[in-house]
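The structure appears right after this line, and notes come after that.
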Amino acid sequence: MGIKVRKPFCLSFNGVPTSLKILCDNVSGAFVLSESLNRLISLIWTKVGETLLNIMIRFYDPLLHYFTYRDFQLVPTLEEFSSILGLPVLDQMSYTGEEEIPKLEDVAAALHLPRSEIKKDWVNKGDYTGLPIDFLYSQAEILINAASMDALEKVLALLIYGQVLFPRYDKIVDVIATKIFIINNPVPTLLGDLLHSIHHRSTKGKGCVLGCAPLLHKWFISHLPRSVIKNEERETWVQRIMRISYDDIIWNQKEFGGTHLFDSCGDFPNVPLLGTRGGITYNPILARQKFGFALKDKPRSIYLSAKNFDYDSDTTGKKKLFIRAWSKVKWIYDRVVEYCMPYPSDIPVVPRVTPPVIPVVLEPYVPAPNEDLAAIVASLRREKDDLEKRLREVEAEKVVLVADAKERDGMLDHFSRKWKIEDFVSPKQI
């Protein structure tokens, strides 16, 4: 069956100003900076492949808010952006757009600068409100000469917020970027900004993606296999991306070991991510499957991203293996055809998993003579690693629970003790 192809489009992305690159280069070469600032500066030097990002965005599905490829889906997550930036997602309200304009003394305190300096250069002309870029650059030069590291790091971080993470104007770091800088919880807003802008621009098929392009580039590259990045076959990005399947993608990153996953907000599993330009519905339960984690309410379920096997027990207590990948891949395939994802006709979109007729009862396994034992061993090792990881998490939880129990026992002994007057006054006073 032939697959219709969507009309191609080309979007643009915000670049990093050369003046900011020069400033970051001078500062990082002359001083030892904090780890968090070094992470932000690494975004400055990320070479953004606009061709690659345009190809990635052509697979964006506006109905699902996911990037739907041949037989798998991808979407940036809070956990991934937090890891790339080296910034935690704080347990507090992120930027909502309802915040008041920050007081000048709060801005001065956040930048470690005198309030008089902030007041003298603060711009307030309706929506055009904030600190001029030239003022911040001049302050950075003064602080470099004075080697005032605390203030220098804050000023440089605010410049990156205003010109890279949340760019709106060329000549000022606007009040929105300043608010988010003071709140110090930028990851949810960054993700909301990017998804909202991608959704809006891909629907129109033109325009500039307003958001942190280096962050988006780093995220997508982290999931591509090394062979695709090296490109020894000298293929274009289109050819490479077209051929990627779910068993080629790098699903689990080493740095995500023991990561707390955000799969709900209170009792709501699907919540809108609020950015500086609007909100977009985000499904963290689907996104968390990418990490290979089991759902909290099904402790016996094990989700393997490459194999999609799920274990459960029947009424007799026997373990059964249910292969659930077929329905997932079939559903993605139908979505690809329906939405006219950009696949050429010479590359068939064929599910690689054969649908089972009936559930298979697990029995002692005897490999066939021609069966690929290396693949089986690799699969079993991945399963073993997942179980060992879960065991470490349970042991860590046990240590916390034991400590809490000891603390409660001590409190019970203290409050259940029969006190005497001698415990409070001396015999002489009696």
Side-chain angles (χ1 to χ4, degrees), residues 11-16 36 38-61 64-69 72-89 94 160-161 164-167 185-202 208-229 237 240-241 244 246 248-257 259-263 273 275-277 280-284 286-293 305:
L11 307 178
S12 59
F13 299 86
N14 279 313
V16 178
S36 59
N38 280 325
R39 289 287 190 97
L40 290 177
I41 291 177
S42 70
L43 293 177
I44 304 298
W45 296 111
T46 300
K47 187 177 180 180
V48 176
E50 291 198 9
T51 302
L52 174 60
L53 293 185
N54 265 293
I55 294 170
M56 178 196 74
I57 292 175
R58 284 181 62 190
F59 293 90
Y60 179 75
D61 189 326
L64 306 175
H65 305 297
Y66 263 54
F67 299 101
T68 300
Y69 297 91
F72 67 94
Q73 294 172 305
L74 282 178
V75 68
T77 64
L78 291 168
E79 295 83 4
E80 290 175 304
F81 274 19
S82 173
S83 175
I84 293 172
L85 292 170
L87 297 173
V89 179
S94 59
I160 296 174
Y161 269 65
V164 181
L165 299 186
F166 306 100
N185 190 24
V187 175
T189 313
L190 280 169
L191 184 54
D193 266 3
L194 272 171
L195 289 180
H196 177 269
S197 188
I198 289 171
H199 179 84
H200 180 66
R201 296 305 179 188
S202 62
C208 178
V209 175
L210 301 176
C212 185
L215 182 58
L216 185 64
H217 178 92
K218 275 194 165 188
W219 165 76
F220 190 51
I221 285 291
S222 70
H223 287 287
L224 297 182
R226 183 176 296 273
S227 59
V228 171
I229 298 175
W237 274 118
R240 284 178 272 174
I241 299 301
I244 293 178
Y246 68 80
D248 302 318
I249 287 292
I250 300 173
W251 294 101
N252 299 308
Q253 309 291 337
K254 293 181 180 179
E255 58 267 26
F256 290 122
T259 300
H260 171 70
L261 296 178
F262 304 96
D263 61 353
L273 284 169
T276 61
R277 299 172 179 87
I280 190 167
T281 303
Y282 176 64
N283 192 324
L286 289 177
R288 70 179 310 196
Q289 294 178 355
K290 182 167 53 178
F291 298 103
F293 285 86
S305 57

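In this text, all values refer to a predicted model and were calculated from it rather than measured experimentally.
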Problem set entry | Parallel, tilted or perpendicular: ring planes of His200 versus His196, cut at 30 and 60 degrees |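 Judged by the thresholds at 30° and 60°, the geometry between His200 and His196 is parallel.
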Check: [X] side chain, [Y] main-chain N or O, donor-acceptor pair, under 3.5 Å:
{"X": "Arg240", "Y": "Val228", "result": "yes"}
{"X": "Ser83", "Y": "Glu80", "result": "no"}
{"X": "Ser202", "Y": "Ile198", "result": "yes"}

For this session: Applying side chain to side chain donor-acceptor pair (under 3.5 Å), name anything that partners Ser36, two or more places apart in sequence or on another chain.
Result: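 Per chain and number, Ser36 pairs via side chain to side chain donor-acceptor pair (under 3.5 Å) with Ser34.
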For this session: Kindly write out the residues that satisfy side chain to side chain donor-acceptor pair (under 3.5 Å) with Ser42, not counting sequence neighbours, or none if the list is empty.
Result: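 Listed in chain order: Lys218.
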Atom [atom1] of [X] and atom [atom2] of [Y]: how far apart are they, to the nearest 0.5 Å?
{"X": "Ile241", "Y": "Thr51", "atom1": "CD1", "atom2": "OG1", "result": "11.5 Å"}
{"X": "Gln73", "Y": "Ile249", "atom1": "CD", "atom2": "CD1", "result": "12.5 Å"}
{"X": "Thr77", "Y": "Trp219", "atom1": "OG1", "atom2": "CH2", "result": "8.5 Å"}
{"X": "Ile57", "Y": "Leu216", "atom1": "CD1", "atom2": "CG", "result": "6.0 Å"}
{"X": "Phe72", "Y": "Ile244", "atom1": "CZ", "atom2": "CD1", "result": "6.0 Å"}
{"X": "Asp248", "Y": "Tyr69", "atom1": "CG", "atom2": "OH", "result": "13.5 Å"}

Would you name the heavy atoms of [X] and [Y] that are closest together and state the gap between them?
{"X": "Leu87", "Y": "Ser82", "answer": "O-OG, 2.5 Å"}
{"X": "Ala213", "Y": "Phe13", "answer": "CB-CB, 3.9 Å"}
{"X": "Phe67", "Y": "Met56", "answer": "CD2-O, 3.4 Å"}
{"X": "Gly211", "Y": "Asn14", "answer": "N-ND2, 4.2 Å"}

Exercise. Is there a side chain to side chain contact (heavy atoms under 4.5 Å, CB included) between Leu43 and Val16 once you walk through the steps?
Worked result: CA-CA 9 Å; Leu43 293 177; Val16 178; over 6 Å; no
In the structure I gave you, are the side-chain heavy atoms of [X] and [Y] within less than 4.5 Å of one another anywhere?
{"X": "Val164", "Y": "Leu215", "answer": "no"}
{"X": "Leu40", "Y": "Leu165", "answer": "yes"}
{"X": "Val89", "Y": "Pro188", "answer": "yes"}
{"X": "Asp193", "Y": "Leu210", "answer": "no"}
{"X": "Leu194", "Y": "Pro76", "answer": "no"}

Exercise. Which is it for Phe59 and Leu74 under the side chain to side chain contact (heavy atoms under 4.5 Å, CB included) test, yes or no, and what are the steps along the way?
Worked result: CA-CA 10 Å; Phe59 293 90; Leu74 282 178; over 6 Å; no
Problem set entry | Contacts of His217 that satisfy ring pair (Phe, Tyr, Trp, His ring centres under 6.0 Å) - sequence neighbours left out |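 For His217 there are no ring pair (Phe, Tyr, Trp, His ring centres under 6.0 Å) partners, ignoring immediate neighbours.
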